[in-house]
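Notes for the one structure printed next.
Order of the sequence lines fixes the chain letters, A, B, ..., with proteins taken first and strands second; residue numbering starts at 1 for each chain. Heavy atoms only: backbone and side chains are in, while hydrogens, waters and symmetry mates are out.
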There are 2 protein chains.
Amino acid sequence: MKQITKYVLRHDTKRLFTYRQCLIGFKRKGFDRIFSYNLGEEAGVTAEQVRKDFSVFKIKGNKKAGYKIDDLLTAIEEVFKYQLNQHVIIVGMGNIGKALVQYKRFMLRKMIIVASFDIDPTKQSKRWGIPILPLEMLDDIIKRFHVKVAIIAVPEMSAQDIVNKLIDLGIKGFLNFAPVILKTPENIVVHNINLCDELESVIYYTQKVVE
Amino acid sequence: MKQITKYVLRHDTKRLFTYRQCLIGFKRKGFDRIFSYNLGEEAGVTAEQVRKDFSVFKIKGNKKAGYKIDDLLTAIEEVFKYQLNQHVIIVGMGNIGKALVQYKRFMLRKMIIVASFDIDPTKQSKRWGIPILPLEMLDDIIKRFHVKVAIIAVPEMSAQDIVNKLIDLGIKGFLNFAPVILKTPENIVVHNINLCDELESVIYYTQKVVE
DNA sequence: TTTTAATTGTGAAATTAATCACAACTATGA
DNA sequence: TCATAGTTGTGATTAATTTCACAATTAAAA
Ligand SMILES: NC(=O)c1ccc[n+]([C@@H]2O[C@H](COP(=O)([O-])OP(=O)(O)OC[C@H]3O[C@@H](n4cnc5c(N)ncnc54)[C@H](O)[C@@H]3O)[C@@H](O)[C@H]2O)c1
Ligand SMILES: NC(=O)c1ccc[n+]([C@@H]2O[C@H](COP(=O)([O-])OP(=O)(O)OC[C@H]3O[C@@H](n4cnc5c(N)ncnc54)[C@H](O)[C@@H]3O)[C@@H](O)[C@H]2O)c1
């Protein structure tokens with residue numbers, strides 16, 4: 001019970017996501033091969049950084065001829081391969097939950113939202129492609145779909161309770177939108193998204209840059 | 001035109017946001033003073049980290065008696081003081097835009113969403129406390145409220161166009177939800193939130209931890 | 001076939017961040 | 001008043017990340 005929000009992805013690993021996104025874009029535009037500086041410019045990092053990252057993951061290019069995009073994509077998929085088509089649930093179908101459940105890009109990236117949950121019975125009748133279920137169904141769904149990851153979109157007040165319950169039911173990882181630091185046992189992954197902090201960072205830095 | 005998504009907040013600065021949040025919580029629970037390990041536990045970092053961070057910002061405590069919460073809050077506000085009550089706009093009032101515009105916590109944190117914008121005329125009739133305006137009104141609102149920061153919640157395809165237009169109109173900082181790396185001149189602050197990447201990170205790490 | 005110019009791959013150096021370790025301080029109780 | 005135990009404050013150390021710099025490679029031109 002010491003580390004709470006640890007298990008932060010290494011910077012280089014996280015950048016692979018960005019590279020993949022850029023590479024898909026390049027491919028769509030008809031490119032076949034790219035150089036580290038092309039990818040770097042698109043991804044917002046230096047060319048050296050790109051090469052260094054690939055070096056860490058033993059991804060090889062061709063001197064003078066750059067990298068074959070398909071090879072890069074294959075190599076990146078290899079790093080993340082075992083996590084494709086994972087099932088995810090969302091708890092809390094208020095404003096942010098509703099937005100997330102309709103976000104098609106999760107599916108494109110092979111992350112499958114299998115169900116959502118809300119305590120409010122009036123919401124349970126509605127559906128956005130996937131059903132909105134009462135909390136009593138959590139156990140069943142988690143077992144049936146072998147769900148390991150949940151998105152927390154309930155009010156701050158309820159977040160810790162819901163997380164405790166979900167851990168009991170076998171959930172191991174959380175993407176948490178409630179602005180609270182969750183208390184969890186070791187070896188539970190918690191990743192907090194605090195949009196107030198993010199917006200405030202932007203304001204802070206904007207004022208610094210503007211002087 | 002070299003660095004794109006730079007101006008990342010220093011880690012210690014960003015943690016101040018978390019500390020503030022925790023301190024407000026402690027205060028609400030009736031506490032008056034705290035020790036570095038209390039705050040560390042609540043914030044999910046070590047006690048040494050807390051003390052080191054305060055040390056960097058010259059925030060002093062009292063040996064043996066810890067820190068006075070009010071003093072800490074005052075000191076943290078001092079770091080961020082000049083950015084209170086900043087005006088912000090949102091562009092794109094689809095799923096995520098609607099969720100954000102209704103998020104009351106921005107206001108609690110003294111960040112004021114003054115207006116939102118959408119290209120779709122049928123959305124412009126609706127309102128969620130603040131008006132949804134056509135893009136023609138951007139110039140007027142930005143000038144009138146001295147807006148420097150915008151939240152981008154338009155489809156990927158439109159994001160770069162909108163950002164170009166906003167930069168022309170004087171916007172200096174962006175919180176961008178569209179999963180594209182924006183091309184901007186130097187000294188424009190861009191902070192990307194890529195929720196697919198975040199969810200995928202959680203899945204990746206969860207699988208690593210579970211083995 | 002040889003030369004050339006462009007690009008990769010990666011140690012080394014520099015920077016940034018986190019942890020350690022302990023001296024200095026101070027509230028409290030003897 | 002003095003001793004003590006519990007905390008802070010921070011320099012030193014270690015770890016992570018980025019940048020630098022350049023040798024090795026190679027596609028393409030001569
Ligand atoms: N709206 C936003 O843009 C936004 C942005 C960032 C973070 N957040 C955070 O996300 C969370 C949800 O925000 P929101 O704006 O969607 O709030 P909301 O009030 O619109 O939605 C909360 C939903 O959770 C449900 N709920 C409440 N208790 C529950 C429980 N114990 N189990 C299951 N469901 C429960 C409610 O019925 C409601 O549908 C909050 O913690 C908020 O701080 C919201
Ligand atoms: N829905 C989510 O949960 C979610 C999560 C993360 C990121 N995003 C990203 O946020 C963006 C918006 O997503 P969404 O789900 O809200 O999409 P959406 O289609 O629901 O909403 C997009 C809105 O932008 C408006 N729009 C389109 N072009 C515009 C323009 N040029 N100027 C002004 N307004 C314009 C549309 O009329 C629409 O109202 C996308 O880039 C998406 O990838 C969405």
inquiry  = Less than 4.0 angstrom between a side-chain N/O of A:Ser55 and OP1 or OP2 of C:dG9, yes or no?
reply    = no
inquiry  = Should the side chain of A:Lys63 and the base of C:dT7 be counted as holding a donor-acceptor pair, with the cut-off at 3.5 Å?
reply    = no
inquiry  = Between P on C:dG9 and CZ on A:Phe57, what's the gap in Å once rounded to a whole number?
reply    = 15 Å
request  = Answer yes or no: is there an ion pair linking B:Arg20 with B:Glu77, defined by an N-O contact shorter than 4.0 Å?
outcome  = yes
task = Starting from C1' on D:dA15, measure out to NE2 on A:His11 and report it in whole angstrom.
result = 13 Å
key: Whole angstrom value for the distance that separates P of D:dG11 from CD of B:Glu48   = 16 Å
ask   = Between D:dT8 atom C1' and B:Leu72 atom CG, what is the distance in whole Å?
value = 12 Å
ask   = Considering only C:dA18, D:dA27, D:dA21, which nucleotide approaches the side chain of A:Ala65 most closely?
value = D:dA27
Identify each donor-acceptor pair in which a side-chain atom of residues 29-36 of chain A lies under 3.5 Å from a protein atom, sequence neighbours left out, and give them as a table.
| residue | atom | partner | partner atom | Å |
| --- | --- | --- | --- | --- |
| A:Arg33 | NH1 | A:Ala65 | O | 2.9 |
| A:Ser36 | OG | A:Arg51 | NH1 | 3.2 |

remark   = Rounding to 0.5 Å, atoms CD (B:Glu198) and CG (A:Asn192) come to a distance of 10.5 Å
message = Is it the case that the base of D:dG11 and the side chain of B:Lys52 share a donor-acceptor contact (distance under 3.5 Å, atom types as modelled)?
response = yes
ask   = Which part of the nucleic acid does B:Asn62 contact within heavy-atom distance under 4.0 Å: base, sugar-phosphate only, or nothing?
value = sugar-phosphate
ask   = In whole Å, what is the span from the NZ atom of B:Lys68 to the P atom of D:dT7?
value = 19 Å
task = Verify side chain to side chain donor-acceptor pair (under 3.5 Å) between A:Asn164 and A:Gln160, making sure each step is shown before the conclusion.
result = CA-CA 6 Å; A:Asn164 292 346; A:Gln160 183 68 59; 2.9 Å; yes
inquiry  = Output the rounded distance in Å from CD1 (A:Ile59) to C1' (C:dT10).
reply    = 15 Å
I'd like a table of atom pairs between the protein and nucleotides 28-30 of chain D - only N or O on both sides, under 3.5 Å - with the distance next to each one.
none

ask   = Of all heavy-atom pairs between B:Gln21 and A:Pro179, which one has the smallest distance, and what is that distance?
value = NE2-O, 2.6 Å
ask   = Looking only at side-chain N and O atoms, does A:Arg15 come under 4.0 Å of OP1 or OP2 in D:dT18?
value = yes
message = When you measure from the side-chain N and O atoms of A:Gln49 to the phosphate of D:dT19, is any distance below 4.0 Å, counting only OP1 and OP2?
response = yes
Phosphate-side-chain proximity, B:Arg10 and C:dA17, N/O vs OP1/OP2 below 4.0 Å = yes
Would you mind writing out the side-chain donor-acceptor pairs for residues 107-117 of chain B within the sub-3.5 Å range, not counting sequence neighbours?
| residue | atom | partner | partner atom | Å |
| --- | --- | --- | --- | --- |
| B:Arg109 | NE | A:Glu200 | OE1 | 3.0 |
| B:Arg109 | NH1 | A:Asp197 | OD1 | 3.2 |
| B:Arg109 | NH2 | A:Asp197 | OD1 | 2.7 |
| B:Arg109 | NH2 | A:Glu200 | OE1 | 2.8 |
| B:Ser116 | OG | B:Pro131 | O | 3.1 |

request  = Measure up the B:Phe80 and A:Tyr204 rings against each other and bin them: parallel (under 30°), tilted (30 to 60°), perpendicular (over 60°).
outcome  = perpendicular
task = Write down the distance between CG (A:Asn38) and P (C:dA6), rounded to a whole number of angstrom.
result = 15 Å
request  = Pick base, sugar-phosphate or nothing for A:Phe54, based on heavy-atom distances below 4.0 Å to the nucleic acid.
outcome  = nothing
query = Does the pair B:Gln207 and A:Gln86 meet the rule for a side-chain contact (heavy atoms from CB on, under 4.5 Å), with working shown?
reply = CA-CA 10 Å; B:Gln207 296 207 348; A:Gln86 281 293 306; 2.9 Å; yes
ask   = When all nucleic acid strands are considered with a 4.0 Å heavy-atom cut-off, which category describes A:Arg33: base, sugar-phosphate, or nothing?
value = nothing
request  = Nearest whole angstrom, please: distance from the P of D:dT8 to the CZ of B:Arg51.
outcome  = 6 Å
query = Would you say a side-chain N or O of A:Lys60 is under 4.0 Å from OP1 or OP2 of C:dT7?
reply = no
